Trainee: 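My structure is below; once you've seen it, I'll send some questions.
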Amino acid sequence: MTGETHQPEAESASSQASSDAQTMDKRFDPASYEAAWQRRWSDANLFCCPTTDASGEPFCVLIPPPNVTGKLHMGHALQSALQDLMVRWRRMQGYNALWLPGTDHAGIATQLMVERQLESEGSSRIELGREKFEERMWEWKQTYHSNIRDQLERLGSSCDWSRERFTLDEGLNLAVRTAFVRMYREGLIYRGEYMVNWSPILGTAISDLEVEMKSVQGKLYHIAYPLEGEDGSLVVATTRPETMLGDMAVAAHPEDERYRHLIGQNAILPLIGRKLPIIADEHVDPEFGTGLVKITPFHDLNDYEMASRHGIGGLRVIDFDGRMTSEAGPEFEGLDRFEARAKVLDRLREAELLKDVVDHVHNVGHSQRSGEPVEPMVSDQWFCNMDQVAERALRAVETDELELHPPTWNKTWRHWLENIRPWVISRQLWWGHRVPAWYDPDGNCHVAMTREEAAELAGTDELRQDDDVLDTWFSSGLWPLSTLGWPDEDAPDLKTFYPTSVLITGFDILFFWVARMVMMGLQFSDQVPFRAVHLTGLVRDAKGEKMSKTKGNTLDPLELVEEYGADAVRFTLCALDTPGRDIPLDPQRMAGYRAFGNKIWNATRFALTRLQEESAGGADRGENRGGDLEVSHSSQLGDPERWILSRLTDTIETVNRKFEDYRFDEACGALHGFFWHELCDWYIELCKPALSGDAPRPDVEKTLVYVLDQSLRLLHPVMPHLTEEVWQRLPEEARDTEFLAVASYPTARTDWRDERLEAEFEGIQQLVTWLRAQRKERGLGAKVPMRLFLEGGDDTHRVVLDNAPLISHLARLESIEVGPGPERATRDLIAGIEVAAEIDAPDEGPELKERLRKELAGVEKELGNARGRLGNEQFLSKAPEHVVEGVRARLAELEERQAVLLKELGDD
RNA sequence: GGGCGUGUAGCUCAGCUUGGUCAGAGCAUCUGCCUUACAAGCAGAGGGUCGGGGGUUCGAGUCCCUCCACGCCCACCA
């Protein structure tokens, strides 16, 4: 708890302001309070959402469940930071905001990890048997799921852990079975023998999405197939000679004159001697190779389709382990597919049938998970047809029922859904949801919710359940439904939170997961599962390189948390999240945001110290602080106060708008810029005289506390720990809730915005900067005396004169006077005010002259430009009035500036 | 073979949807400061013909065309 490091006073949020301030350590140390707040929030149950008697509109984010394969990576950290930002922001706005956490069993990936573990123990899954193996899997899951929870908590994630789910838990299983059975009964899920991608290493079928095409330098082999009953032969071209052992035909294009006369005849398969019909098919490209294709129906998708069209069957010559079968002939049986290739080529050479070998670059599908070339195989699998619902998913995006952010993904979405093919959902693994299908002794298949139900259907108890499990993405696809209580249509969570508000995830699983959730959602609820998807980029290293374990450039979120604090990690990730762009993560940048935390810490410390001094002076004005500032906002406040409140208003407006637009980067930029460069650099500096003077200035105090309070609220969704820690120390009157985490989020009071005052202040800032530069450019210290003269007409002086003491303070002036300054003073035109500064100094250095000359050149160039435009009839007649006016004003300004510069330079 | 994206200060990137105070931020660099909130700081400064070319327009990082260079996704020429 906070108390552990900051003593009991801080423990109680309602302790006296003065003692709070005293406990504020000079050192900014996130590690001293982050874990404590995570515990306090959790103990206070702040993030558990009521379903019934909830006040506030529902807002719901479901976590993309991390795989229970290991620890979280930077991508998870990024997504968690963004999700937490959204949820905390909405929660503070009064929404009944739910962030539902969970993990994914990640079938193949996790099974591989555990198998590897077994291997290191000298065991194997086969040795253990299915039941024991599953026990091991669950142990593994237990460990890793709690690791993940710890990690999410250390990032400050405000999840409702009472609702935590796992893709293999009972509720999910019920959902999976329900979905499967319903889709089976609608004919959308079916079993059959079709060509699938097979991974020999994994020993399972995999879906199209799990296949990665790689460009491979291979060879194109030209092989002669003798013709039956006559001399001569046909030459076919292939990249996979070993598959010829399973050839059933040879095909040519029907229009190809070279081979037309041979259609209907037979060729003889070398090495085997099988008769192969010569067929004609449009699919064959006469331009490629020899214009003849050997047809291996069971080991190539194209061949399979062509063979089907011609009623030709197939032979399995490669087995599920990647070795040749007995069908390949005794000479090849048992050989690995690549060994077989070499041997086939040897034999062909011996028979002088290998006519040519040419280099050939082609694309080969590889198993994404295990890396080896995929083997196209005809196999008995379960499939899911999503054609119809894909169309609805497509429409959902087109009608904006579902928004993709950034919308550049719309086209990709369309393309994928328009070309969707049946999805192989069965996997020959042990870790996953078992297919709810049972076989009776006659081999009949019965799909049912339970074994009992299947027995009823089958009329016998002698049933064997299907050995296969379902693709992980089948259960993750049901995540939005199942986590909220489906298939119970009346589940309170489902009624309250479905459809959820927004999904934040990486673009890399747009099809794997997002599209499938949308389709499943539409299939079973007639609604999209979320209103919007914010797709993040990939987290890369500082140089923009992809992070990978082999490259050794990965960053561990928790190590970063230790070094920079969770808030700095979060801020960095949010600030870099530009839509449609990858995220180059530079630790230097993170150090910059830790410094920002330090800034916030110290700004608060400053304010509290001053208040404390005031109180110590005997004034008991506690109840004036913080409270109802709006009442006295208008004219009683000084310019600096109204200025910072105007800037605050603008910032509040911007941040809320940017959050709504998923522009977290710009929201963070606005927060950073406001707090550091407006509040700290200017307002706090402007406050100092008022806060240290003899005369009490409750309006200044109040404003400072108010702006701090509002800033901390604004920042809380991004930097929850720091803001909570610091906010708890504000005077009690400024706090209306026990925790900042559930305090109200600022809303902009547009009537506080004063753009005219802001413009005037910009003038003051320019003037102060100019004055500082005068000393600097002469190489003088800040203590060298300097006097300012305002030389132009008096109207322009108002804001300067009104704030003369402050300007003097900031620029360290001895005096500000109206009227002409001494001859030797240096002159300029700042924000339309003619000013002269007199400094006790030797002549200005040559660099100054140089700079002035350079500036003059720039001014004259721009002058020419402006005059040119104003002399252009077309411009005058076609450009809108305000633009022309703008140029005129600019011209006048430039002319004055030119005069000033010439005068300054003319002294030589 | 299609589709998408990127190219703006030394570095990493905003800005481009709705053309005219957008040429910006952070970091880095240079100079001077321990000015009692913060040296994880303060103050000041330098630095870019917005990838090349063409077009539309009174006016273009901003719209159109084209070229070049990277990156990604999808795709059953064996």
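The model shown is predicted, which means the values in this text are computed figures rather than measured ones. Residue numbers begin at 1 in each chain, while the letters A, B, ... track the order of the sequences. Atoms considered below: every heavy atom in the structure, side chains included; atoms not considered: hydrogens, waters and symmetry mates.
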Trainee: Reckon A:His882 touches a base, only the sugar-phosphate, or nothing at all at heavy-atom distances under 4.0 Å?
Mentor: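 Here A:His882 touches no strand at all.
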Trainee: Need to verify one output field. Residue with the more 5' nearest nucleotide on RNA chain B, A:His677 or A:Asn872?
Mentor: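 On the 5' side of the pair lies A:His677.
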Trainee: In the strands shown, is B:C30 matched to any nucleotide by a Watson-Crick or G-U wobble pair with both distances under 3.5 Å, and which?
Mentor: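 The answer is B:G44, by the H-bond criterion.
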Trainee: Could you go step by step and tell me if A:Glu666 and A:Arg657 meet the salt bridge (Lys or Arg N to Asp or Glu O under 4.0 Å) rule?
Mentor: CA-CA 10 Å; A:Glu666 293 189 343; A:Arg657 184 162 39 84; over 6 Å; no
Trainee: Under 4.0 Å, counting only non-hydrogen atoms across every strand here, what does A:His809 touch: a base, just sugar-phosphate, or nothing?
Mentor: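 Nothing, no nucleic acid heavy atom in range.
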Trainee: Hey, does A:Lys688 reach any base, or is it just sugar-phosphate, or nothing, if we go heavy atoms under 4.0 Å?
Mentor: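 Base, at least one base atom sits under 4.0 Å.
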Trainee: Contact class for A:His222 vs. all strands (heavy atom < 4.0 Å): base, sugar-phosphate, or nothing?
Mentor: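 Nothing, no heavy atom under 4.0 Å.
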Trainee: Within the structure shown, what part of the strands sits under 4.0 Å from A:Val284 by heavy-atom distance: base, sugar-phosphate, or nothing?
Mentor: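 Answer is base: heavy atoms of A:Val284 come under 4.0 Å of a base.
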Trainee: What one-letter contact string describes nucleotides 2-17 of chain B from 5' to 3', where B marks a base within less than 4.0 Å of any protein heavy atom, S marks contact via sugar-phosphate atoms alone, and - marks no contact?
Mentor: --SSSS----BSSS--
Trainee: For a quick check of understanding: with a heavy-atom distance under 4.0 Å over all strands, which category does A:Glu212 fall into, base, sugar-phosphate or nothing?
Mentor: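 Contact class for A:Glu212: none.
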Trainee: Determine whether the aromatic ring centres of residues A:Phe288 and A:His253 are separated by less than 6.0 angstrom.
Mentor: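 No, the ring of A:His253 stays outside the 6.0 Å limit from the ring of A:Phe288, centre to centre.
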Trainee: Which base sits across from B:U6 as a Watson-Crick or G-U pair, both distances under 3.5 Å?
Mentor: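 Base-paired to B:A69.
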Trainee: Once you apply a heavy-atom cut-off of 4.0 Å, does A:Thr296 come out as touching a base, just sugar-phosphate, or nothing?
Mentor: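 Here A:Thr296 touches no strand at all.
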Trainee: Please figure out whether A:Pro880 or A:Thr239 has its closest RNA chain B nucleotide nearer the 5' end.
Mentor: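 So the residue in question is A:Pro880.
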Trainee: Tell which nucleotide pairs with B:A14, taking only Watson-Crick or G-U wobble pairs whose two distances are both under 3.5 angstrom.
Mentor: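 Here B:A14 is not engaged in any pair, so there is no nucleotide opposite it.
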Trainee: When the P atoms of B:U49 and B:G61 are considered, how many whole Å apart are they?
Mentor: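 After rounding to an integer number of Å, I get 13 Å for this pair.
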Trainee: Which part of the nucleic acid does A:Phe28 contact within heavy-atom distance under 4.0 Å: base, sugar-phosphate only, or nothing?
Mentor: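 If one applies the 4.0 Å heavy-atom cut-off, A:Phe28 turns out to touch a base.
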Trainee: What's the gap between B:G46 and B:U66 when it is taken at their C1' atoms, as a whole Å value?
Mentor: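 Those two atoms are separated by 37 Å.
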Trainee: Checking all strands, does A:Arg594 fall into the base, sugar-phosphate, or nothing category for heavy-atom contacts under 4.0 angstrom?
Mentor: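 Counting heavy atoms under 4.0 Å across all strands, the contact made by A:Arg594 includes a base.
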Trainee: Please check the phosphate of B:A40 (OP1 and OP2 only) for any side-chain N or O of A:Lys26 closer than 4.0 Å.
Mentor: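 Indeed not, no polar side-chain atom of A:Lys26 lies that close.
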Trainee: Give A:Trp413 one of three labels, base, sugar-phosphate or nothing, depending on what nucleic acid heavy atoms sit under 4.0 Å from its own.
Mentor: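 No contact at all - A:Trp413 keeps every heavy atom at 4.0 Å or more from the nucleic acid.
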Trainee: B:A43 base to A:Glu685 side chain: any donor-acceptor pair below 3.5 Å?
Mentor: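 No.
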Trainee: Give none if B:C63 has no partner; otherwise give the nucleotide forming a Watson-Crick or G-U wobble pair with it, both distances under 3.5 Å.
Mentor: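 Across any shown strand, B:C63 pairs with B:G55.
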Trainee: Identify whether any heavy atom of A:Asp303 sits under 4.0 Å from a base atom; if not, whether one sits that close to sugar-phosphate; answer base, sugar-phosphate or nothing.
Mentor: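 Counting heavy atoms under 4.0 Å across all strands, no contact is made by A:Asp303.
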